Novice: 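Attaching a single structure in structure tokens format; questions to follow.
Computed from a predicted structure; not experimentally measured. First the proteins, then the strands, lettered A, B, ... as listed; each starts at 1.
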Number of protein chains: 2
Amino acid sequence: MRVRETQSPAMLRLSRLAGLTATDLALLEPGMLTGHLARSRREILREGEEITGAQIIVSGWAVRARLLADGRRQFLSFLLPGDLIGHCRHSRPLAVSTIVALTDVRLCAAPAPSTSASLAEAYAVSQALDEAYLLSHITRLGRLNAQERIGDLMLEFHERLTLAGLVTHNGFEMPLTQEALGDALGLTSVHINRMLQLMRREGDLTLKGGRLILSDPPVLARKVGRAPIHVTANPPQAEA
Amino acid sequence: MRVRETQSPAMLRLSRLAGLTATDLALLEPGMLTGHLARSRREILREGEEITGAQIIVSGWAVRARLLADGRRQFLSFLLPGDLIGHCRHSRPLAVSTIVALTDVRLCAAPAPSTSASLAEAYAVSQALDEAYLLSHITRLGRLNAQERIGDLMLEFHERLTLAGLVTHNGFEMPLTQEALGDALGLTSVHINRMLQLMRREGDLTLKGGRLILSDPPVLARKVGRAPIHVTANPPQAEA
DNA sequence: CGCCTTGTTGAGCCCTTTCAAAGGATGTGG
DNA sequence: CCACATCCTTTGAAAGGGCTCAACAAGGCG
């Protein structure tokens with residue numbers, strides 16, 4: 001199953017998760033073109049609302065967040081191109097977190113999994129990955145120090161965006177403000193700032209104008225103690 | 001659907017999640033009696049292993065954990081009576097975390113969801129709850145201070161054990177050592193100890209001989225800023 | 001050009017950790 | 001029933017990592 005050059009990042013990701021057929025791609029393609037747009041900072045889904053239908057992130061970044069009564073907030077996970085929203089298997093599900101667009105986000109309806117077994121498999125693998133990354137996030141917050149948290153999160157982005165074909169020479173668009181990074185990593189933006197400077201000085205990364213470059217991902221991974229993530233015994237086609 | 005007095009905590013929990021029928025209960029009951037035992041401190045599942053079959057915790061406490069290369073470890077979530085292990089919807093799934101018994105744990109095989117729609121619904125709701133608690137755990141670690149973390153976790157136990165009928169007069173068995181609490185909450189056992197003493201002095205709780213009593217759950221919930229958790233628009237039958 | 005968001009910097013404080021040691025429980029074997 | 005080992009809890013003193021509260025610089029953008 002060769003992946004075509006012309007595929008969008010979202011389709012590339014999904015097809016890599018479960019080896020989608022040409023038929024599956026044909027199912028996905030129309031939605032990719034017709035989906036709707038959520039402007040930056042808009043809520044895509046609000047905690048406690050009933051979930052209506054599953055969607056796919058076509059482009060842009062969004063975030064799942066919990067908002068505390070006193071104004072504190074915590075980012076739970078990031079949603080990148082090819083990620084799924086609102087897949088539930090029980091009746092009348094409620095959203096357990098709010099989803100906010102961090103950039104302009106293009107969304108489309110996800111074809112029902114019942115239409116294709118391989119598509120259903122891709123959804124299931126995607127969801128398993130979601131959960132694995134949630135668990136990593138817990139470990140990050142519970143046991144890593146500030147510098148390790150930042151490095152670990154950047155490596156997660158690198159890994160996930162690579163799957164969607166959005167990484168070149170270890171560099172990729174990373175549209176998060178330092179305050180957003182703080183909300184994700186349980187730190188203040190002030191401290192994020194200082195640690196980023198330190199990591200730049202130590203040669204771990206470059207971050208300028210919304211573009212992040214990791215100097216040497218494997219070295220950074222060793223430095224922050226990051227282990228690779230696997231959810232399937234059949235590994236997805238590795239990035240070229 | 002009246003719940004019988006004789007039900008085990010595990011069955012009580014599952015039947016409350018989706019209003020199980022007598023047929024479902026009959027499906028579950030044999031397993032509850034024949035399941036096998038995992039001794040305290042034993043691994044029930046190891047990260048990276050292939051998952052074989054779904055199981056139900058009949059009694060006892062277990063924990064999902066990530067172990068870091070340098071010996072640090074982080075508890076991801078607790079598994080209490082009636083909780084499910086190893087439900088996956090994609091082919092050849094791998095365990096993304098290690099599961100360790102914290103007490104002696106009785107386990108049984110979970111009947112296949114295909115045998116009953118209401119049972120499948122109970123599994124799905126259970127899994128949605130799992131995820132909701134994972135998200136709460138992230139918020140706990142990212143945004144709460146030590147005292148809030150402890151209070152919030154104890155309220156989670158209170159809530160979940162109530163569903164299984166294991167709480168009387170706001171008191172329940174809580175077999176975690178202070179070191180285990182530290183591993184769950186991203187704190188050292190020394191600090192857990194000091195904060196527990198503080199909370200005892202402030203009249204929030206009593207903890208002695210493995211039994212925890214919350215003086216006033218709603219008051220504590222307000223104090224630590226805890227919001228209730230809902231995953232379904234049809235609320236489960238509330239505890240009597 | 002001026003506004004508004006984002007990034008940068010400093011000083012002091014506070015929550016949590018570290019390191020060490022002692023005290024209580026609990027269980028096992030003699 | 002005591003001796004002993006092991007695990008768990010408790011306590012103290014000192015250090016450190018990250019926070020707070022400013023204030024200011026630097027970019028985008030209309």
Novice: Show the distances under 3.5 angstrom between N or O atoms of the protein and N or O atoms of nucleotides 17-22 of chain D.
Specialist:
| from | atom 1 | to | atom 2 | distance (Å) |
| --- | --- | --- | --- | --- |
| D:dG18 | OP1 | A:A146 | N | 2.9 |
| D:dC19 | OP1 | A:T188 | N | 3.4 |
| D:dC19 | OP2 | A:T188 | N | 3.3 |
| D:dC19 | OP2 | A:T188 | OG1 | 3.0 |
| D:dT20 | O4 | A:R194 | NH2 | 3.1 |

Novice: With a sphere of 6.0 Å drawn around CZ of A:R160, does it hold more than 12 non-hydrogen atoms of other residues, nucleotides or ligands?
Specialist: yes

Novice: Report all interatomic pairs (protein N or O, nucleotide N or O of nucleotides 24-30 of chain D) with separations under 3.5 Å.
Specialist:
none

Novice: For A:R72, does the CZ atom sit with more than 12 other heavy atoms under 6.0 Å from it, leaving out its own atoms?
Specialist: yes

Novice: Does a donor on one side chain and an acceptor on the other come within less than 3.5 Å for B:H137 and B:R140?
Specialist: yes

Novice: Tell me if the CZ atom of A:R46 is crowded by more than 12 foreign heavy atoms within 6.0 Å.
Specialist: no

Novice: Please list, in 5' to 3' order, the outermost nucleotides of DNA chain C lying under 4.0 Å from any heavy atom of chain B.
Specialist: C:dT16 to C:dC19

Novice: Tell me, yes or no, whether the heavy-atom count around A:R200 atom CZ, taken from other residues, nucleotides or ligands under 6.0 Å, exceeds 12.
Specialist: yes

Novice: Please give, in whole Å, the distance from D:dT6 P to B:E179 CD?
Specialist: 17 Å

Novice: With the threshold set at 4.0 Å, does a side-chain nitrogen-carboxylate oxygen contact exist between B:R64 and A:E131?
Specialist: yes

Novice: Within less than 4.0 Å of OP1 or OP2 of D:dT10, is there a side-chain N or O belonging to B:R200?
Specialist: yes

Novice: What I'd like to find out is whether the side chain of B:R143 reaches to under 4.5 Å of the side chain of A:R66, using heavy atoms alone.
Specialist: no

Novice: Measuring from atom CD1 of B:I229 to atom CD of B:E156, what distance do you get when rounded to the nearest 0.5 angstrom?
Specialist: 6.5 Å

Novice: Give a yes-or-no answer on whether the side chains of A:R211 and A:T206 include a donor-acceptor pair shorter than 3.5 Å.
Specialist: no

Novice: My understanding is that only one of A:N170, A:L176, A:L161, A:L207 makes a side-chain contact (heavy atoms from CB on, under 4.5 Å) with A:L212; could you say which?
Specialist: A:L207

Novice: Take atom CG of B:L181 and atom C1' of D:dT9, then tell me their distance rounded to the nearest Å.
Specialist: 12 Å

